[in-house]
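For reference, the structure discussed in these notes is given below.
In each ligand, atom 1 is the first atom listed, and ligand 1 is the first ligand listed. Below, each value reflects all heavy atoms present in this structure, side chains not excepted, and no hydrogens, waters or symmetry copies.
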Amino acid sequence: MVSSDQLPKNYDFAEVEERWRGTWRDEDHYFDKNSKKPQYVIDTPPPYPTGNFHIGNALNWCYIDFFARYKRMKGYNVMFPQGWDCHGLPTEVKVEELNHITKNDVSREEFRRMCHELTEKNISLMRITLRKMAFSVDWSNEYITMMPEYYGKTQLSFLRMQKGGYIYQSEHPVNFCIRCETAIAFAEVAYDDRETQLNYFDFDGVEIATTRPELLAACVAVAVHPADERYHHLKDKKMNVPLFGHDVPVVQDEAVDPAFGSGAVMICTFGDKQDVHWWKQHNLALRKAIDRQGIMTGIAGKYKGMNTSACRDAILADMKSQNILKRQEKLAQRVGACWRCKTPIEILSERQWFVKIKPDEIQKAAHEITWYPEHMLRRMENWVEQMEWDWCISRQRIFATPIPVWFCTKCGEMIMPDEKDLPVDPTLVQPNHACEKCGNTEFLGESDVLDTWMDSSISVLKVTGWDGSGKPPYFPAQIRPQGHDIIRTWAFYTILRSVALTGQKPWEEILVNGMVLGEDGFKMSKSRGNIIVPEEILGKYGADALRQWAAMGAATGSDIMFNWNDVVAASRFQTKMWNIAKFALIQLEKEGYDPHAPVTALADRWLLVRLSDTIQQVSEAMEGYQFDTALKAIREFAWEVLADNYIELVKGRLYTGEASRKSALLVLHTAFDALCKMLAPFTPYFAEECYSHLHKGASVHKQPWVSFTYDDESARSEGNLLAKLVSEVRKYKHDSGLALNAPLGRVTIYAPHTVDDEGDTGRTLNAEVHWRTDAAKLDRVITGIDFNRAIIGPAFRKQAQAFMTAVTALPQNQLENPPKTIILEGNEVEIPKDAFAPKFSCMEEGAKVDVIAVGDVIVTIAKA
Ligand SMILES: [Zn+2]
Ligand SMILES: [Zn+2]
């Protein structure tokens, strides 16, 4: 602690932030299992450990930390856990890159170990950024999904859902990435617009158009619209597939568009989702022409072994040489691609594991949750409404939670481990008993692994203490904060899993944040070069400035554009606040403050009313997670009301030691104390620094939320007037080239009623101030003339001076209403438009005064 008059002149964020980081203790943020306070459990998103905590994460975590700190101050027992969602393809790909290997070059265990090692390193890097940002994370509730204690729970949830009839395996068409060699879920398909070629060819006498001739080997039917008379003769007939020679049925389906091409389409297994639909609907054969590596299979005949694009070229060439390719045209198309590697997906029929989707259950739970902002619920509804397929949860990869299942090598019976034996890797260990069906003791472990969303969709169960026995002790959580980009994945899967495993909604509220766009308004990307790294902002302006940017950037839920100016403005606000702090601390230290001093002066009562209004506004905004509204109100109060108006008004009273000095000190203390508390969630370092000076080392983060209220309607309206008057007169002084503390002479304020300002106005303006309620008696006189030389010069040339002399000689009334002409050296000449304007002055009781109107209040100033 330094004495107030030794406070550093400038606020050094780097020194302050580092000092407090070294002082704060993790234990202060632990969730207290024995607490009697109401719980507030946050289902924090577990980021993917890339090693970089990016700006989008930073925005999300700022929101979380704002309300975590606020709720603690409001008396809640808060859990702000930190998870890490480790499994998945990006880490596998990175490990392959870093070690110059492919996953098949080393054993599964060795590959897993390499992924573990990289993940651990990345997590420690990201923890550092989290700490610098002052996020009040509960590190006693950290979880890492690749650790046995977590993925054991993922496996337990798998077993439970399998028993509950939610999980099944079957051969079914799934989205498949042939580059990553794994199935992927619908939510992982990224759609891209691209141009492709539509090929028209003769299909056994009927023209058919296709963008994927390589799938001809997989053709299983031709479909036409039932009302299309052109094809009535084909009803119940078979058609012969060109180049391949197999026969396929003709089916009729309402979904065929008779206006597209010839109105006849081929159905292949599988070109797209519509093919899957028809294939099921009409109970068609399955022909697998493409394998998991994207290579043509045996049924492709002479094209066997080619990749799909080579096959396409070969088939088109053969169609040409057989004269069945009629024409080709360009077609704009939306193509589904792998979210990770952008390879167009294939739809392959594969034995996979699925989770059943029960749309009604999910809709019901989604509607029991309060959504912030409300319209985000609509996105969830839309997604659930368009669900057609179940969730494919199996992946053909390595770094993921193993599916805990074996198959008997003799009879094929499926064997599940005992729950007490979890976690297990069925590719490494065998079941501890013989096959119950046939007594065989040899088993094949399932080598497929689980989709990472199977891990992260039980984060809420993990943090609320789920162990499989009944309802978890802290379930449901109070809130889920997350981005709108993962509503259809993380939010959707979490609701699905919570309902399946507990029968209840996972959280009471969900708070959805927007995306951070680059300074150019586009999504941040390496190729655009518009990526902003939090560490860069931390280094230049500190965590508190970055946090203010997050709060102020946009309304909750909206996308937010990064802007360095906002960060600079945030840092300027801290400078301004630091100046207020120094002023207040020095004044308070001189005399101390008396908490029982009577507050009498209008300015003092006014400040308390405005403070009370601000506290109410900020508290309401915090309850509704409207951080931009809250911080804006705080900044406006601090900057405009307190610094620019109040402090200017009472400075004189504080310096001259008037009787009501104590009243001003109490008000200053009350306002400054409240500001520290309201700023604590937003700028934890800055608020702590100020508060510890004000309260001899006490921490603002252990204080309750500010509850001060004050009501005085006449102080509000009269004080607003007073503040406005003073600022207008100060502006007048500035515009007249006077120093703000220069003596001003006599100021008369003609107001509807007099105001007792205890002399504050006079001291602030350095003037003799009189309040009057009668009407101002002012006479208007012309005291000069403004000549417009730009007009007079060209119009009169050598006679310009004579013209001005003649005008000056005009009588008062003609100056006000100038005649059309004037006599100049004996000649009558026209007066050009706007050649001159009279200058008016006001006279009050015989003295010249300047006049300012503030609403219906007239202020006259007779300069000293
Ligand atoms: Zn891929
Ligand atoms: Zn068996």
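- A donor and an acceptor atom, one from each side chain of Gln197 and Thr211, are nowhere located under 3.5 Å apart.
- Between Phe158 and Trp353, the distance from one ring center to the other falls under 6.0 angstrom.
- A donor atom on one side chain and an acceptor atom on the other are not found under 3.5 Å apart for Asn199 and Thr210.
- Here the angle centred on the Zn ion (ligand 2), running from SG of Cys411 over to SG of Cys435, is 110°, rounded to 10°.
- Side-chain contact check for Ser394 and Gln352: at least one donor-acceptor pair (N or O, by modelled atom type) lies under 3.5 Å.
- Looking only at atom types and distance, the side chain of Gln482 has no donor-acceptor partner in the side chain of Asn60 under 3.5 Å away.
- Counting only protein N, O or S atoms, 4 lie closer than 2.8 Å to the Zn ion (ligand 1).
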Might you work through the side-chain contact (heavy atoms from CB on, under 4.5 Å) test for Ile267 and Leu284, ending with a clear yes or no? CA-CA 9 Å; Ile267 302 174; Leu284 299 168; 4.0 Å; yes
